[in-house]
Amino acid sequence: DVQLQASGGGLVQPGGSLRLSCAASGFTFDDYAIGWFRQAPGKEREGVSCISSSGGSTYYADSVKGRFTISRDNAKNTVYLQMNSLKPEDTAVYYCATRRPRGYSGSYYYILCGGMHYWGKGTLVTVSS
């Protein structure tokens, strides 16, 4: 079974940093793109950052560009999201997700982040003073 486990959330002050981890099992990890998504209270889920199976291509939402960095360690079956300069509006439950490897076409966002259908339980990030 495909399993994803997000961890690393917590309470941090504005301007602080956190690193989220997504540990994966049950599939050939280096064949799969992985994405980070978040959902704030009362808001729809949004794609934050995604990374291709090789790690050679990445996507960032405009709201996190320059502050967040996604990376993957295929030897450890883990994807990371380094979050710096955190803002109160980054407060949300963060989820990692993946999808079956096949050809995806369309927008750059969809090519890297679309069609995710395996989801892990989220980790809560709270940015507050």
Side-chain angles (χ1 to χ4, degrees):
D1 291 354
V2 172
Q3 294 192 6
L4 300 167
Q5 180 63 57
S7 62
L11 174 64
V12 63
Q13 292 187 342
S17 298
L18 282 174
R19 188 177 80 157
L20 304 184
S21 299
C22 175
S25 62
F27 59 99
T28 306
F29 182 75
D30 51 7
D31 284 346
Y32 285 63
I34 305 289
W36 283 100
F37 298 77
R38 68 186 180 187
Q39 188 164 21
K43 295 189 177 181
E44 293 188 355
R45 186 173 61 200
E46 64 172 339
V48 175
S49 182
C50 301
I51 189 165
S52 63
S53 57
S54 68
S57 298
T58 57
Y59 164 87
Y60 295 96
D62 287 344
S63 58
V64 307
K65 278 181 183 175
R67 300 187 298 122
F68 290 10
T69 303
I70 192 170
S71 62
R72 64 190 296 156
D73 184 339
N74 285 350
K76 296 183 177 179
N77 285 12
T78 302
V79 170
Y80 304 98
L81 185 68
Q82 178 66 42
M83 305 187 297
N84 299 329
S85 302
L86 282 162
K87 304 175 181 180
E89 51 263 43
D90 295 317
T91 295
V93 177
Y94 285 71
Y95 303 86
C96 57
T98 191
R99 63 192 184 187
R100 293 186 187 90
R102 63 170 180 85
Y104 290 83
S105 61
S107 68
Y108 188 72
Y109 171 82
Y110 189 78
I111 289 170
L112 284 180
C113 303
M116 298 292 179
H117 50 263
Y118 297 111
W119 295 83
K121 293 182 180 180
T123 185
L124 176 63
V125 172
T126 303
V127 185
S128 175
S129 55

Quick check on side chain to side chain contact (heavy atoms under 4.5 Å, CB included): which of Y94, Y59, Y60 does V48 satisfy it with?
Y94
Restricting to non-hydrogen atoms, name the atom on M116 and the atom on I34 that form the minimum distance, rounded to 0.1 Å.
CE-C, 4.1 Å
Spell out, yes or no, whether Y104 and W119 are grouped together once hydrophobic residues are joined by side-chain heavy atoms under 4.5 Å, including indirect joins.
no
If I compare all heavy atoms of S21 with all of T78, which pair ends up nearest, and what's the gap?
CB-CG2, 4.2 Å
Atom of S128, atom of P14 and distance for their closest heavy-atom approach
C-CD, 3.6 Å
What are the two closest heavy atoms between L4 and T98, and how far apart are they?
CD1-N, 3.8 Å
Heavy atoms of G47 and A61 approach each other most closely as O-CB, 3.5 Å
Linking I/L/V/M/F/W/Y whenever their side-chain heavy atoms sit closer than 4.5 Å, directly or via other members, would V64 and L86 fall into one cluster?
yes
Would you mind checking if K87 and D90 are paired as a salt bridge, meaning a charged N to carboxylate O distance below 4.0 Å?
no
Linking I/L/V/M/F/W/Y whenever their side-chain heavy atoms sit closer than 4.5 Å, directly or via other members, would Y80 and Y32 fall into one cluster?
no
V79 side chain reached by C96 side chain, heavy atoms, under 4.5 Å
no
Say you draw a straight line from CD1 of I70 to OG of S57; how long is it, rounded to the nearest 0.5 Å?
11.5 Å
With no hydrogens and no angle check, is any side-chain donor or acceptor of R72 less than 3.5 Å from a backbone partner on F29?
yes
To the nearest 0.5 Å, how far apart are OG in S54 and CG in D31?
11.0 Å
For K121 versus Y95, what's the shortest heavy-atom pair and its separation?
C-CD2, 4.0 Å
Side chains of K43 and R38: does their closest heavy-atom pair fall under 4.5 Å?
no
Can you spot which of T91, V127, T126 makes a side chain to side chain contact (heavy atoms under 4.5 Å, CB included) with V12?
V127
Is the side chain of R19 donor-acceptor paired with the backbone N or O of G8 at a distance under 3.5 Å, no angle test?
no
Taking side chain to side chain contact (heavy atoms under 4.5 Å, CB included) as the criterion, tell me which of W36, F37, Y108 meets it with C50.
F37
For the backbone of I51 and the side chain of T58, can you confirm whether one donor and one acceptor N or O come within less than 3.5 Å of each other?
no
Can you tell me how far the CZ atom of F27 sits from the CD atom of Q3, to the nearest 0.5 Å?
10.0 Å
Under 4.5 Å between side-chain heavy atoms, counting indirect links through other Ile/Leu/Val/Met/Phe/Trp/Tyr residues: same cluster for V93 and L20 or not?
no
Applying side-chain hydrogen bond (donor to acceptor under 3.5 Å, both in side chains) to N84 and S17, what does each step give before you reach the verdict?
CA-CA 4 Å; N84 299 329; S17 298; 2.9 Å; yes
